[in-house]
Undergrad: 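Encoded as structure tokens, here's the structure I'll be asking about.
When reading the values below, keep in mind they use all heavy atoms of this one structure, side chains included, and skip hydrogens, waters and symmetry mates. Order of appearance sets the numbers: ligands from 1, and atoms from 1 within every ligand. What you see is a predicted model; the values in this text were computed from it and never measured.
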Amino acid sequence: MSITAFGALRSHGAGTLRAGHADETVTIAGWVDTRRDHGGVAFLDLRDRSGIVQVVADPEASDALAAAHRVRPEWVVRVTGTVRMRPEGMRNDKLDTGDIEVAATSIEVLAEAQTPPFPVEDRIEVSEELRLTHRYVDLRRPHMAEILQLRSRATSVIRRTMEEHGFLDVETPILTKATPEGARDFLVPSRLQPGESYALPQSPQLFKQLLMVAGVERYYQIARCFRDENLRADRQPEFTQLDVELSFGDQEDVIGITEQVLAAVWRATLGVEVETPFQRLTYASAMERFGSDKPDLRIEGLELATLDEVFADTEVGVFKGVLGDGGSVVALALPGGGEMTRREFDELVEWAKRRGAKGLAWGVVEADGGLRSPLSKFMSEAEIAGVLSSTGAGPGDAVFFGAGETTFARELMGALRGHLAAERDLIGDGFAFCWVVDAPMFEPVVDRGEAVGTTGWTPVHHPFTAPTPKWIDRFEESPGEALSNAYDVVCNGYELGGGSIRIHDRDVQARVFRFLGISDEVAEERFGFLLRGLAHGAPPHGGIALGLDRLVMLLADANNIRDVIAFPKTQSGACLLTDAPAAYDPVALRDVGLRLLPEATRD
Ligand code: ASP
């Protein structure tokens, strides 16, 4: 049996017709995009996935003309007719099919349609709520349809590249046991074992490690992950990642394959040659220079300077206080910023306060090299000279100072860097990739609803990440300083993915659990299967996961993750199309042995 290119009901795609088809009889089918009815003659723009073509019905084909009078936008029709050149002067450059039209001999209505809730075109003024409720109409809009196609091209090139490098596509379970990635789990109660529940995987992490123990050596999967966290603009409770693991390799292997995949995706989807290898920054230098562990390197210059030494003996009260408490003074020079008005400076101070800063000091470098600033009367000449040399500021430039706990001050000034660059159009074009390596192993616990550990420290990546060789024997001694063998890949200020070399030694893994306050019993109960696996001949291994949704966002230049997912959820985790989540079915609840708490007692 032969498979036709466009389906048995039609001979061509609407958008594929060209002058070369003139005089051919064709059958096309799709949606009525627009209809212009002049009584004696009617024009339909017929749209299918391949594009749009104009159909003409005139009195010579009276049945077709009658049908054309009747149809409405978004009805599904099938048209048979002859391709003919449009008269000179009637050609439409905006359509790929604009040189021709189809003179209909028959128009058959395949399905009627209600008036669409919004027009099927790119520029519409309509709430996202309505778009998501009628997503099947929304996805017909050209831009949305293009994103779906772009995403499919990206996943196909990902698969091809992974397979060329010997990676096997292996599926891992969705109904499983908790895999900690720093979020809450989605739970699925079990009917066959009432009182017990599965967890949806936050990632396939433990399974991919066990696949390495199993001898798969090179694994990949385009995997769905589930994390129950408070949603932000670029987060979804379920998302997709390219998940990768390899054995008998090191960081260079993982970085190498990741760069190959990203370069192949950019080439195949955008025709852009991405330069490899990507620049590498240590976590410490990224924080120090850009105040972020995902710096946007499209912004040229605008690097932060740490001025702790410059102000070591200062009389500037705030700086003195902060440095005395072990904090830092971090500065950023803005070339040409001296032209800013007092009001613009005040607005930036307010901006900093909204981010939780006590304030934001600033100054302007004068022609003679002096600093005009509310603080300069407290600064010595040597300090001013130090500010200028550390920040590279010269006459006409502005200098901003953030002071406080070191990480806070750096992140504040890193955010200011992004804010100023966006406001003043200092963000370059294109794509700036980099790796951030040598991240800390642990960070102090902040309440993220996490169940891992109780010692005040939590893993920066996950508890299966190996320390760098230097720290393997002594990460417990200085947990705040210990570095991990982990790497994040960043593009234009977005973290595209991250991974690490794993602990493949059962004893080291047990020490990490113990350090995190996970007792041997709890470790056994939660991760016993991993520990047993590691005791059965685990090769050295490591891997990475890349967020596919974010990657497509970058490719599509979308500023909303929901635009790159066919059926996304809203910020409150609802699917407006299906109305999920839905109230419990009492029978289903009883089947799994659960009863709901009265609403008042839930928190
Ligand atoms: N499992 C990690 C994640 O989902 C990625 C990795 O370490 O490979 O973020």
Undergrad: Short list, please: which atoms of ligand 1 are under 4.0 Å from a heavy atom of E181?
TA: 1 (N), 2 (C), 3 (C), 4 (O), 9 (O)
Undergrad: So is R502 polar-close to ligand 1, meaning N/O to N/O under 3.5 Å?
TA: yes
Undergrad: So, are D169 and R159 salt-bridged, with charged N and O less than 4.0 Å apart?
TA: yes
Undergrad: Taking only heavy atoms of K208 into account, list the atoms of ligand 1 that are under 4.0 Å away from them.
TA: 6 (C), 8 (O)
Undergrad: Using a strict cut-off of 4.0 Å, indicate which atoms of ligand 1 neighbour a heavy atom of G498.
TA: 5 (C), 6 (C), 8 (O)
Undergrad: Could you go step by step and tell me if Q221 and T172 meet the side-chain hydrogen bond (donor to acceptor under 3.5 Å, both in side chains) rule?
TA: CA-CA 8 Å; Q221 183 182 190; T172 53; 3.0 Å; yes
Undergrad: List every atom of ligand 1 that sits less than 4.0 Å from any heavy atom of S203, numbering the atoms from 1 in the order shown and giving each element.
TA: 1 (N), 4 (O)
Undergrad: Do R280 and D438 meet the salt-bridge criterion of a basic N to acidic O distance under 4.0 Å?
TA: no
Undergrad: Using a strict 4.0 Å cut-off to heavy atoms of G499, name the atoms of ligand 1 that fall inside it.
TA: 6 (C), 7 (O)
Undergrad: After noting the C-alpha distance and the side-chain angles of Q571 and R562, does the key distance pass the side-chain hydrogen bond (donor to acceptor under 3.5 Å, both in side chains) rule?
TA: CA-CA 10 Å; Q571 218 113 314; R562 295 182 292 279; 3.1 Å; yes
Undergrad: Tell me whether R298 is salt-bridged to D429, with the criterion being a basic N under 4.0 Å from an acidic carboxylate O.
TA: no
Undergrad: Can you label the angle between the H134 ring and the Y136 ring as parallel, tilted or perpendicular, going by 30° and 60°?
TA: perpendicular
Undergrad: Against heavy atoms of A545, which atoms of ligand 1 measure under 4.0 Å?
TA: 5 (C), 8 (O)
Undergrad: Within ligand 1, which atoms have a heavy atom of H462 less than 4.0 Å away?
TA: 1 (N), 2 (C), 6 (C), 7 (O)
Undergrad: Is E476 salt-bridged to R514, going by a charged N under 4.0 Å from an acidic O?
TA: no
Undergrad: Under 4.0 Å from a heavy atom of I544: which atoms of ligand 1 are those, numbered in the order shown and with their elements?
TA: 8 (O)
Undergrad: D243 to ligand 1: N or O pair under 3.5 Å?
TA: no
Undergrad: With respect to Q241, determine whether any N or O atom, backbone or side chain, lies less than 3.5 Å from an N or O atom of ligand 1.
TA: yes
Undergrad: Strictly below 4.0 Å, N to O, side chains only: are R131 and D138 in salt-bridge contact?
TA: yes
Undergrad: Looking only at distances, can you tell me whether any N or O atom of R227, backbone or side chain, sits closer than 3.5 Å to an N or O atom of ligand 1?
TA: yes
